[in-house]
Amino acid sequence: MATILDGKKLRDKILAELKLKIDKFSTKPELVVILVGENPASKIYVNNKKKTAEKLGIISKIIEYPENVTEKELLEKIEELNNDKNVTAILVQLPLPEHISKENVMNTIAPSKDVDGFTPYNFGKLFSGEIPTVYPCTPKGILLLLNEYNIQLEGKHVVIVGRSNIVGRPLSQMILNENATVTVCHSHTKNLADIIKTADVVISAVGKNIIKGEMLKNDCVIVDVGIFKDENGKTRGDVDFESAAPIASYISPVPGGVGPMTITSLMLNTVELFEKSL
Ligand code: GUN
């Protein structure tokens, strides 16, 4: 039976250490989160980020805009935050409404305040094999979790399912940096099951229950990034935990695996930006 990759336990450990560090700062880091529209999941995420930040002594503000805010107004606010010396970190919660260009938004955030690592400057650095200002939060959280359980990636075949800018794409580069062999699968991939069967590590970030135990190689490591409610309202991940756990050597649960690590990384990134700004 697989060992559980316990994201809550690691979160508590990392954040306790981070709080001691923040307590020693004479001024405090400030994280500003911009939320556009009424997406219920985004609202929950944003409030969780604020609550966690405040517990640590990070100043946290949420700026909310209605769904129909203009791109111009949003970009002007970002410029204002870029120029505000008190603001350490800027996060624009995704997804954005369709009339707002994500590209223009990411082009406007100052790379030195880009707590997600999503601006073209930081993404470009990551994809050039250079060191970005900070690493994107979910991939960073996944690597922290694997590292905590001494799971080495060098020479391993890591199969990532999903090619989003938030998880799959940046994660592929970070895992390449660990000297793994990386395969990125997506909705057009043929023979997904055959590819997964060859994986030493499977990392799935799709948001659909697509991976069953019978698809897995014995003793593989499973990281489940997906989170959604099934037809009965139960929180589920991409991986069928019941059939996968007896086959895998390690598995991250949903909830309680990657989710807490994403918030942990956001807090770490905010403090990293703060230290760089001093
Ligand atoms: N929406 C879902 N995950 C994320 C994230 O990590 N950052 C931002 N900005 N939006 C998200």
Side-chain angles (χ1 to χ4, degrees), residues 7 11 31-53 58 60-65 67 69 71 74-75 77-78 81-82 87-98 100-111 113-123 126 132-145 160 162-174 203-208 223-229 235 237-238 252 254-255 257-270 272-273:
R11 170 197 63 196
L31 168 66
V32 177
V33 177
I34 297 180
L35 174 64
V36 181
E38 301 293 326
N39 183 316
S42 289
K43 282 196 170 186
I44 294 171
Y45 294 145
V46 161
N47 284 323
N48 283 341
K49 289 169 185 174
K50 184 166 194 280
K51 252 195 274 172
T52 307
I58 293 172
S60 173
K61 293 183 181 155
I62 301 174
I63 302 178
E64 287 191 59
Y65 286 104
E67 187 83 18
V69 65
E71 185 179 304
L74 194 57
L75 297 185
K77 175 53 80 178
I78 294 170
L81 297 170
N82 285 342
V87 174
T88 310
I90 303 168
L91 183 147
V92 178
Q93 185 67 27
L94 302 172
L96 287 164
E98 276 186 13
I100 294 173
S101 153
K102 193 181 121 234
E103 192 181 344
N104 290 346
V105 167
M106 292 306 155
N107 269 318
T108 304
I109 297 172
K113 297 192 178 188
D114 171 22
V115 73
D116 270 319
F118 288 168
T119 57
Y121 174 88
N122 282 320
F123 236 49
L126 181 60
T133 315
V134 291
Y135 289 93
C137 297
T138 302
K140 175 173 173 149
I142 291 167
L143 289 182
L144 286 170
L145 192 57
I160 298 171
R163 56 175 161 175
S164 71
N165 282 348
I166 295 176
V167 187
R169 283 177 205 262
L171 180 63
S172 68
Q173 299 305 303
M174 290 164 69
I203 306 177
S204 186
V206 177
K208 281 185 215 152
V223 179
D224 192 345
V225 190
I227 184 160
F228 58 94
K229 296 250 190 245
T235 300
D238 292 356
S252 74
V254 177
V258 173
M261 293 310 301
T262 297
I263 290 216
T264 301
S265 302
L266 177 64
M267 301 302 127
L268 288 168
N269 281 358
T270 302
E272 279 181 38
L273 293 183

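Numbers here simply count residues along the sequence, with the first being 1. In what follows, every heavy atom counts, from backbone to side chain, and hydrogens, waters and symmetry copies are set aside. Note that ligands are numbered from 1 as they come in the structure, with each ligand's atoms numbered from 1 the same way.
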Hey, which atoms in ligand 1 end up nearer than 4.0 Å to a heavy atom of V92?
8 (C), 9 (N)
Atom indices of ligand 1 within 4.0 angstrom of L91 heavy atoms, with elements:
9 (N)
Where is the tightest heavy-atom contact between K102 and L96, given as atom of each residue plus distance?
CA-CD1, 4.2 Å
Ligand 1 versus Y45, non-hydrogen atoms closer than 4.0 Å: side chain, backbone, both, neither?
neither
In Å, rounded to the nearest 0.5 Å, how long is the span from OG1 of T108 to CG of L81?
11.5 Å
Mode of D116 contact toward ligand 1 - side chain, backbone, both, neither (heavy atoms, under 4.0 Å):
side chain
Which residue and heavy atom of the protein sit nearest atom 10 (N) of ligand 1, plus the separation
L94 N, 3.0 Å
Does the side chain of P136 reach to within under 4.5 Å of the side chain of D116, using non-hydrogen atoms?
no
Check this for me: F228, atom CZ, are more than 12 non-hydrogen atoms of other residues, nucleotides or ligands nearer than 6.0 Å?
yes
Test salt bridge (Lys or Arg N to Asp or Glu O under 4.0 Å) on E272 and K140 and set out the steps.
CA-CA 13 Å; E272 279 181 38; K140 175 173 173 149; 2.8 Å; yes
Among non-hydrogen protein atoms, atom 11 (C) of ligand 1 lies closest to Q93 NE2, 3.5 Å
